[in-house]
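Just so you know, these numbers use all the heavy atoms, side chains as well, and skip hydrogens, waters and symmetry mates.
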Amino acid sequence: MILHQLIDYETLRIIWWLLLGVLLINFAVTDGFDLGIGTLLPFVAKTDTERRIAINAIGATWEGNQVWLILGGGAIFAAWPPLYAVSFSGFYLAMFAVLFALILRPVAFKYRSKRESARWKAGWDWALFIGGFVPSLIFGVAVGNVLQGVPFRFADDMRIYYEGSFFELLNPYALLCGLLSVAMLAMHGAAWLQLKTDGVVADRARRYGSLAALATIVLFALGGVALWYGVEGYHITSEINPAGPSNPLLKTVDRAPGAWFANYVSHPWMMIAPILGLLGAIAALLSMLARREVAPLLFSKLALFGIISTVGVSMFPFILPSSLDPRSSLTVWDASSSHMTLFIMLVVAVLFLPIILLYTAWVYRVLWGKIDAGAVSDKSHHAY
């Protein structure tokens, strides 16, 4: 028996769909609070010392947190080539804006304190805000467009044609999802900041984090209502072959109002995802108001897990629907790499993901502790 046949093609496709979700959720849970603190920086820190405290709360770990974004992009490229081709070409300008914002962040970290000029520091502080707010918004806008369908199609020779524009991405529902993304990551950033700091910075983080948690609850609920009444979902109307060839054109797909809720009817256990998203945000809000330290971070992680998982289970088996030609929509069953490729990648993931997780846990253990004015004094050469 050939080794890769130990796991059938259908199971491998499901595993890699789950692994992609794990990578994206890990990115949101780790680098998410970095983005959230960047977004909150103008509000939670008023003096130079306060800003340095906020910056150094993430300064030791932000680079390592980005590994999950790199792994997610690599997984899309290797496991779902058509998804990579469509999304990275159709969302090219949006991706460029995200990369520009993310590039601003390390430059701002390194150069902010190189001069004592207040104007110099203020400029880099705004760069950190852009580096947090812009990716948070665009990631959410992208998810909103995916839920509505993206204007692409496959020709009979499998050439991909994208017929949308950047400004079409900025539609009302996508912007609603973008605001939800900003709110939930700001909530997450505030939860981390009130855990890692004391005094006025922690108090402001708690105040703005509570507002962000409340906004997350409201926007998540509004997003669900809009998805039911205003956004058509997709469903496969032809026979499904989970082990079939990776050719999206071999199926037929229809659009219908409320189609994204069909999985919850067929598999009620999937309701766990939106329930966790909503209850996690509510619990994060209540624990912040109660001035807890650890609980808000744990509950905000739960909220992120639930909200992101809600998108995945609502769309399954779709991973990128096409609004231009629904038949061209990409699904778990027809957009993956070969059986052998998925198996080899799974072996690599099984070997290296635990190492990454253990190293990440060790880094956070070593760098644990609160950041205060003493930790960011001029004598602390390691501080930003």
Using a strict threshold of under 4.0 Å (side-chain N to carboxylate O), is an ion pair present between E293 and K370? yes
F220: which residues meet the ring pair (Phe, Tyr, Trp, His ring centres under 6.0 Å) condition with it, sequence neighbours left out? none
After noting the C-alpha distance and the side-chain angles of L302 and L298, does the key distance pass the side chain to side chain contact (heavy atoms under 4.5 Å, CB included) rule? CA-CA 6 Å; L302 185 65; L298 297 178; over 6 Å; no
Give a yes or no on whether the ring-centroid distance for F139 and F27 is below 6.0 angstrom. yes
Checking F100 now: which residues fulfil ring pair (Phe, Tyr, Trp, His ring centres under 6.0 Å) with it, not counting sequence neighbours? none
Going by atom types alone, do D334 and T331 pair a side-chain donor with an acceptor below 3.5 Å? yes
Less than 3.5 Å apart, any donor N or O on the side chain of T237 or T252 sitting next to an acceptor on the other? yes
is_close_aromatic(W16, F343), centroid dist under 6.0 Å: no
May I ask you to decide if the ring planes of W260 and Y234 are parallel, tilted or perpendicular, using 30° and 60° as cut-offs? tilted
Where at least one partner belongs to residues 23-40, residue pairs that pass side-chain hydrogen bond (donor to acceptor under 3.5 Å, both in side chains), sequence neighbours excluded: D31-R105, D34-N65
Excluding sequence neighbours, so at least two apart, what forms salt bridge (Lys or Arg N to Asp or Glu O under 4.0 Å) with R51? D125
Can you confirm if the NZ or CZ of K196 lies within 45° of the ring axis of W368 and under 6.0 Å from the centre of its six-membered ring? yes
Hey, are S246 and R13 close enough side-chain-wise for a donor-acceptor pair under 3.5 Å? yes
Taking ring pair (Phe, Tyr, Trp, His ring centres under 6.0 Å) as the definition, give me every residue that meets it alongside F43, ordered by chain and number, with sequence neighbours left out. Y208
Please go through L250's hydrophobic cluster and name the other residues, only I, L, V, M, F, W, Y counting, with side-chain heavy atoms under 4.5 Å joining them. none
Return yes if a side-chain donor-acceptor contact under 3.5 Å exists between S322 and D325, otherwise no. no
What verdict does the salt bridge (Lys or Arg N to Asp or Glu O under 4.0 Å) test give for R327 and D254, after you've listed the backbone C-alpha separation in whole Å, the side-chain angles of each residue and the deciding distance to 0.1 Å? CA-CA 8 Å; R327 185 180 62 143; D254 280 344; over 6 Å; no
